[in-house]
Amino acid sequence: MDMNQYLEVFIEESKEHLQTCSEQLLVLEKNPEDLSVVNEIFRSAHTLKGMSATMGYEDLANLTHKMENVLDAIRNSQIVLSPELFDVIFLAVDDLEAMVMSIAEGGDGKRNVMGVVHQLEMIEKGESPVSSTIAEVAAASAVLEKEEMTVGGYDEFEWTVLQQSKDQGFNSFEISIGLREDCLLKAARVFMVFEVLEKSGEVIKSHPPVELLEEEQFDQRFTIAMVTTESSDEIKNKIMKVSEVEQVVVNALDLEHLRYAAHSKEDKVTEIPKQETNNAEHPTEYDDRKKQAPVKTASSKTIRVNIERLDILMNLFEELVIDRGRLDQISSDLDNQELHETVERMSRITSDLQTIVLNMRMVPVETVFNRFPKMVRQLARDLNKKVNLEINGAETELDRTVIDEIGDPLVHLIRNAMDHGIETPEERLAKGKNEEGKILLKAYHSGNHVFIEIEDDGAGINKDRVLNKALSNGILTKETAATLTDKQIYELIFASGFSTAETISDVSGRGVGLDVVKNTIESLGGSVAIDSKENEGSIFLIQLPLTLSIISVMLVAIQNEKYAIPLSSIIETAIIKKADIMNAHNQQVIDFRGKVLPLLFLKDIFEVPISQEEEESLSVVIVRKGDKLAGLVVDSFIGQLEIVLKSLGNYLTSAFAISGATILGDGQVALIIDCNTLIH
């Protein structure tokens with residue numbers, strides 16, 4: 001039986017069952033007496049086991065079976081629930097999720113789960129998983145991981161290179177490198193490790209392959225095989241100097257063992273068809289589910305569509321928007337009434353189509369929010385704090401492109417709230433608070449934007465501490481510090497390398513989190529703001545655009561060139577006289593509603609060739625970045641329109657303050673101005 005036709009359905013349903021397990025485990029932890037929750041988890045685990053066995057993923061089925069045994073004992077009151085037991089089951093669910101992700105990415109779904117299986121077996125026997133036992137299992141797992149990475153991992157050519165290097169007196173090493181859990185730029189760290197190793201010898205291969213490492217398609221660990229004249233200790237010390245590298249294990253390669261293992265693997269290939277036949281002879285519950293599927297499909301009003309098809313549809317529609325603008329231009333030039341009416345009707349239809357296409361790309365933010373309850377639970381245990389995460393507005397929808405990027409910033413803000421914000425139970429009781437801290441994660445629509453709030457009832461931000469740290473780091477001077485408002489002081493924590501943590505921990509203290517959060521959100525065309533009250537808590541407010549592909553802009557002229565300024569950045573437009581311009585600190589400014597507003601002359605910034613003489617009055621577009629305002633001086637305003645944002649490509653990534661380009665109705669190309677870059 002060809003199972004590939006069921007693979008996509010298997011992956012989607014597996015993710016749904018694992019999500020159910022995670023959510024219900026969190027519910028069960030708060031209500032240990034509710035056996036109906038245990039039954040719900042058991043049903044999901046049982047279904048997943050049957051599906052996995054039918055599809056031939058034995059490791060996945062075996063681990064689910066072990067977890068199912070423990071759940072069965074819980075619902076029959078043979079095992080008493082404890083925090084340690086929940087930790088083990090959550091670990092099992094994490095491993096199952098990793099296996100399913102491996103299958104979704106084209107892998108075989110195999111994973112070393114010896115440690116978790118051992119702990120589940122101990123729980124099943126009524127024993128408690130002791131730390132020493134876990135350590136022994138972890139050690140055994142490390143050996144197995146080494147075996148799995150090595151056995152059959154090298155082809156004939158690579159083995160020959162290693163053998164010849166050995167004959168010439170080189171050392172052959174297999175290096176396992178682990179990055180920190182909170183590492184943000186994994187690809188950059190991998191590049192730095194490769195750079196170090198290539199100076200010390202020659203890299204033979206890596207696992208995962210280099211392409212996946214560059215795309216950050218790996219967990220926190222990767223393995224590199226290399227030949228070098230240096231010792232293992234020298235190699236290890238060099239790699240450990242790379243920032244955010246947490247662990248390095250250097251093992252000498254046994255070439256004879258590699259050779260034997262490669263042949264053993266070839267011998268085993270012939271056994272696979274027999275195993276598939278055996279699976280086909282033993283139908284499981286999953287087969288029954290498939291036979292009943294047509295009945296379910298007949299009543300279903302939804303279908304699964306590959307995301308690539310939606311991307312193609314979006315690209316085609318973007319071309320249609322460009323042609324619509326061209327037709328508008330032709331219609332106004334020809335001044336033909338019939339053509340004008342036809343174009344107007346086409347514009348209305350394409351506007352409706354645009355709404356439908358954009359809605360198809362919308363994804364609920366719950367796809368990102370769903371991973372946070374489990375993360376908060378584990379982090380609370382690690383920090384010895386009691387924290388309740390409350391989620392509101394998870395059904396709020398965002399464009400898929402924004403969803404893909406917003407996950408990491410939210411992780412950092414929640415970790416920051418737990419480590420810096422929420423106090424320990426003892427400190428909270430001393431302040432007269434409930435010993436359990438609260439984090440509220442809220443999403444909602446407003447106009448053409450989505451807002452996400454992360455609010456905690458913790459210690460808040462200590463202004464004096466932030467100012468002192470900023471002064472000691474040289475971020476600002478004492479004179480500047482005296483003029484800052486509370487909100488401006490709070491925003492200092494977004495500076496690169498800034499951290500008020502006294503000690504560096506696994507959670508925070510390196511000052512690499514919040515500056516990346518701000519840069520990521522601003523690269524999406526959004527903004528982040530902070531409000532805080534000491535000993536009462538803090539609120540981080542993120543503003544994001546609904547979509548990144550089709551945006552509303554104001555078209556402006558600078559000499560003979562046209563530029564587009566996103567409406568989301570514009571406050572208002574104004575006409576000023578040259579006589580109103582003043583100079584302050586070598587910067588031209590104007591008095592705008594009682595505020596000093598710096599002026600930026602775009603013709604100078606973009607070095608636009610001058611072909612027209614300046615007039616006595618200037619056209620100014622007033623734009624905002626957070627609390628900062630600036631006036632962009634242009635030659636004239638053309639009007640407002642919707643445009644398709646196109647990337648400039650890899651060759652023009654260094655173009656200053658330009659986020660992309662668009663094709664106008666008359667065929668001209670207009671560059672889109674990045675206001676966030678212009679305002680410092």
Name all residues meeting the side chain to side chain donor-acceptor pair (under 3.5 Å) criterion together with [X]; count only those two or more places apart in sequence or in a different chain, and write none if there are none.
{"X": "K236", "answer": "none"}
{"X": "E397", "answer": "none"}
{"X": "E124", "answer": "none"}
{"X": "R371", "answer": "none"}

K438: partners by salt bridge (charged side-chain N to carboxylate O under 4.0 Å, His left out), with sequence neighbours left out: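 Testing K438 for salt bridge (charged side-chain N to carboxylate O under 4.0 Å, His left out), a comparison that skips the adjacent residues, returns E390.
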Nearest non-hydrogen partners of [X] and [Y], listed with the distance:
{"X": "V100", "Y": "S14", "value": "CG2-CB, 3.9 Å"}
{"X": "A53", "Y": "E58", "value": "O-OE2, 4.2 Å"}
{"X": "A380", "Y": "M418", "value": "N-CE, 3.5 Å"}
{"X": "E246", "Y": "M240", "value": "O-CE, 3.9 Å"}
{"X": "S206", "Y": "L213", "value": "OG-CD1, 3.7 Å"}
{"X": "E395", "Y": "P364", "value": "O-CB, 4.1 Å"}

Please walk me through it: do L28 and L81 pass side chain to side chain contact (heavy atoms under 4.5 Å, CB included)? CA-CA 9 Å; L28 181 62; L81 292 169; 4.2 Å; yes
Any side-chain heavy atom of [X] within less than 4.5 Å of one from [Y]?
{"X": "H65", "Y": "N69", "result": "yes"}
{"X": "I89", "Y": "I74", "result": "yes"}
{"X": "L60", "Y": "I103", "result": "yes"}
{"X": "V190", "Y": "I177", "result": "no"}
{"X": "Y444", "Y": "E453", "result": "yes"}
{"X": "L544", "Y": "L398", "result": "yes"}
{"X": "L440", "Y": "N392", "result": "yes"}
{"X": "R221", "Y": "S176", "result": "yes"}

Under the salt bridge (Lys or Arg N to Asp or Glu O under 4.0 Å) rule, what pairs show up with a residue in residues 33-50, not counting sequence neighbours?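 Non-adjacent pairs meeting salt bridge (Lys or Arg N to Asp or Glu O under 4.0 Å): E40-R43, K49-E68.
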Using 0.5 Å steps for rounding, measure from the [atom1] atom of [X] to the [atom2] atom of [Y].
{"X": "I414", "Y": "I454", "atom1": "CD1", "atom2": "CD1", "value": "6.5 Å"}
{"X": "Q78", "Y": "D72", "atom1": "CD", "atom2": "CG", "value": "7.0 Å"}
{"X": "I521", "Y": "L410", "atom1": "CD1", "atom2": "CG", "value": "7.0 Å"}
{"X": "L18", "Y": "L96", "atom1": "CG", "atom2": "CG", "value": "5.5 Å"}
{"X": "D456", "Y": "H420", "atom1": "CG", "atom2": "NE2", "value": "11.5 Å"}
{"X": "K15", "Y": "N370", "atom1": "NZ", "atom2": "CG", "value": "12.5 Å"}

**Member of I41, N76, I79 meeting the side-chain contact (heavy atoms from CB on, under 4.5 Å) criterion with L71** =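 Option passing the side-chain contact (heavy atoms from CB on, under 4.5 Å) with L71: I41.
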Taking only residues two or more places apart in sequence, or in another chain, which ones meet [X] in a side-chain contact (heavy atoms from CB on, under 4.5 Å)?
{"X": "N434", "result": "E436"}
{"X": "S102", "result": "D108"}
{"X": "A188", "result": "L185"}
{"X": "E435", "result": "K386, P425, L429"}

For the pair F173 and I224, evaluate side chain to side chain contact (heavy atoms under 4.5 Å, CB included) and give the outcome as yes or no after the intermediate values. CA-CA 8 Å; F173 294 125; I224 297 173; over 6 Å; no
- Sequence neighbours left out, what passes ring pair (Phe, Tyr, Trp, His ring centres under 6.0 Å) with F222? Give chain and number order.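 By the ring pair (Phe, Tyr, Trp, His ring centres under 6.0 Å) rule, F222 matches F218.
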For this session: Using ring pair (Phe, Tyr, Trp, His ring centres under 6.0 Å) as the criterion, list what pairs up with F369, not counting sequence neighbours.
Result: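 Checked F369 against ring pair (Phe, Tyr, Trp, His ring centres under 6.0 Å); zero matches.
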Indicate yes or no for a side-chain donor-acceptor contact from [X] to the backbone of [Y] under 3.5 Å, with no hydrogens or angles considered.
{"X": "K385", "Y": "G437", "result": "no"}
{"X": "E216", "Y": "K186", "result": "yes"}
{"X": "S532", "Y": "I461", "result": "yes"}
{"X": "T396", "Y": "A443", "result": "yes"}
{"X": "Q220", "Y": "R180", "result": "yes"}
{"X": "K433", "Y": "G458", "result": "yes"}

Is the shortest side-chain N to carboxylate O distance from [X] to [Y] below 4.0 Å?
{"X": "E97", "Y": "K374", "value": "yes"}
{"X": "R377", "Y": "D87", "value": "yes"}
{"X": "R428", "Y": "E423", "value": "yes"}

query = Between N31 and V37, does a side chain to side chain contact (heavy atoms under 4.5 Å, CB included) hold up when you go through it step by step?
reply = CA-CA 9 Å; N31 305 288; V37 178; 5.8 Å; no
Yes or no on side chain to side chain contact (heavy atoms under 4.5 Å, CB included) for D408 and T520, after CA distance, side-chain angles and deciding distance?
-> CA-CA 9 Å; D408 285 344; T520 303; over 6 Å; no
